[in-house]
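Here is the structure we will look at, set down as structure tokens.
Note that this is a predicted model, so its numbers are computed, not measured. All heavy atoms count here, side chains included; hydrogens, waters and symmetry mates do not.
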Amino acid sequence: MPLDAAPVPWPPVAEVRVAFDARGVTSARAEGFADAAANRAVTPDDPVRVASISKLVTGIAVMRLVEAGKLDLDADVSRLLGWSLRNPAFPDVAVTLRLLLSHRSSLTDTIDYVLPLDADMRGVLADPKAWDAAHAPGTYFRYTNFNLPVIAAVMERATGERFDRLMKRLVLTPLRLRACYNWDACAPATKTRAVVLYRAGQPVKDSAEMIAACPVTPARDGACDLKTWRAGANGAIFSPQGGLRISANGLATIGRMLLGKGRLGPVRLLSAKSVATLATPLWTYDGTNGDTERGFYCSYGLAVTFTATSRQGCLDDPFGDGRTRIGHAGEAYGLRSGLWIDPKTGTGVAYFATDVPDGIRAAGSAFTPAEVSLAKALP
């Protein structure tokens, strides 16, 4: 594939791209290895940790609970959590699901959002360092992974269900997806097809040995007993911000459901109204009202990113054609991923690449050369 920047130090270990429309997959391509050590070629059906695309799928589940009357986007989440969630600098301003999903809650990632199994999230979030003391909730966009563990805790409290199992019930099973948040809820056969993530040629996530170990971040004493789970005590256990393991074909299925305004074949997962809510920006950069991360985020909704913002400093168009698409990107452990749909043309693309070097951007873009190449590839 042609790149838009200087050659990178090494090519990705794996690249997968699936294009689709509302009727089905229109093209699929896979190159490289799911597991280089085992010489196992990657396919579009192999599950991979898609990083922050997980947020979009969590957002879809939230909307299902809103439709069921279990959640209210604009209610103070403290009511369900059972304790007061407040920015200490703005104690009178409520934090809601709408603010958490749109990264305007004033939470930050200045403290670690990857919590051990036995962590008390309430105590962690009582630390003023977790919050932006300069901006009240609702006034500033700051992309923050910690928003999602809070959302997961609220979902658990509203339903009494473990987050990973709740996600299977609400989204993954209805769409017949062989996917899971972290590995505990995935079938053994799915685990054997896992895509290993690499940095500089070294495995860093989801090798067979890593999967055989604790499927979540162990407790502080090293224990890995998921029976200690308590609803809402620690929403970080199953990595709602980035722990979804799903194939590129699986991502395409989610994209097709969104193109179908909540319907996929005979399955009505969301109402058209809920999809329209997801597809509505809640924040757009105006030059002062948020941190764009060097032009990467310039328009955002309920766990949904909007591309091609026409504002100086915004470099959020991996396709390079100026068209608005909705979806989400992912980045972690050397992986780059994307799920994007174009509602006007009724088309979309899902892709990922592994072992992508950090700190390299395509010319004129906030995205890496690998992402730009995968996004622009034809058809």
Taking the six-membered ring of Y333 as reference, does the NZ or CZ atom of R49 fall below 6.0 Å from its centre and within a 45° cone about the axis? no
I'd like to know whether T309 forms a side-chain hydrogen bond (donor to acceptor under 3.5 Å, both in side chains) with D316, so could you lay out the CA-CA distance, the side-chain angles of the two residues, the decisive distance to 0.1 Å, and finally the verdict. CA-CA 7 Å; T309 308; D316 57 345; 2.6 Å; yes
SB check D358 R199 (cutoff 4.0 Å): yes
For atom NZ of K191, is the number of surrounding heavy atoms from other residues, nucleotides or ligands below 6.0 Å larger than 12? yes
Other residues, nucleotides, ligands: >12 heavy atoms within 6.0 Å of R263 CZ: yes
Any chance you could measure R336, atom CZ, to E331, atom CD, to the nearest 0.5 Å? 4.0 Å
Side-chain donor-acceptor contact under 3.5 Å, D286 with T288: yes
For R176, does the CZ atom have more than 12 heavy-atom neighbours from other residues, nucleotides or ligands under 6.0 Å away? no
Between W340 and F319, what is the ring plane arrangement, given parallel below 30°, perpendicular above 60°, and tilted in between? perpendicular
Do the side chains of L251 and F352 get nearer than 4.5 Å, heavy atoms only? no
Check: A370 main-chain N/O paired with S373 side-chain donor or acceptor under 3.5 Å: no
Report yes if some heavy atom in the side chain of I254 is under 4.5 Å from a heavy atom in the side chain of L177; otherwise report no. yes
State, without any angle test, whether T144 and R142 hold a side-chain donor-acceptor pair at a distance under 3.5 Å. no
Tell me whether R23 is salt-bridged to D21, with the criterion being a basic N under 4.0 Å from an acidic carboxylate O. yes
Less than 3.5 Å apart, any donor N or O on the side chain of D76 or S78 sitting next to an acceptor on the other? yes
Where does the angle between the aromatic ring planes of Y300 and Y297 fall among parallel (under 30°), tilted (30 to 60°) and perpendicular (over 60°)? perpendicular
Decide yes or no on side chain to side chain contact (heavy atoms under 4.5 Å, CB included) for L101 and T58, but give the supporting numbers first. CA-CA 9 Å; L101 284 164; T58 299; 5.5 Å; no
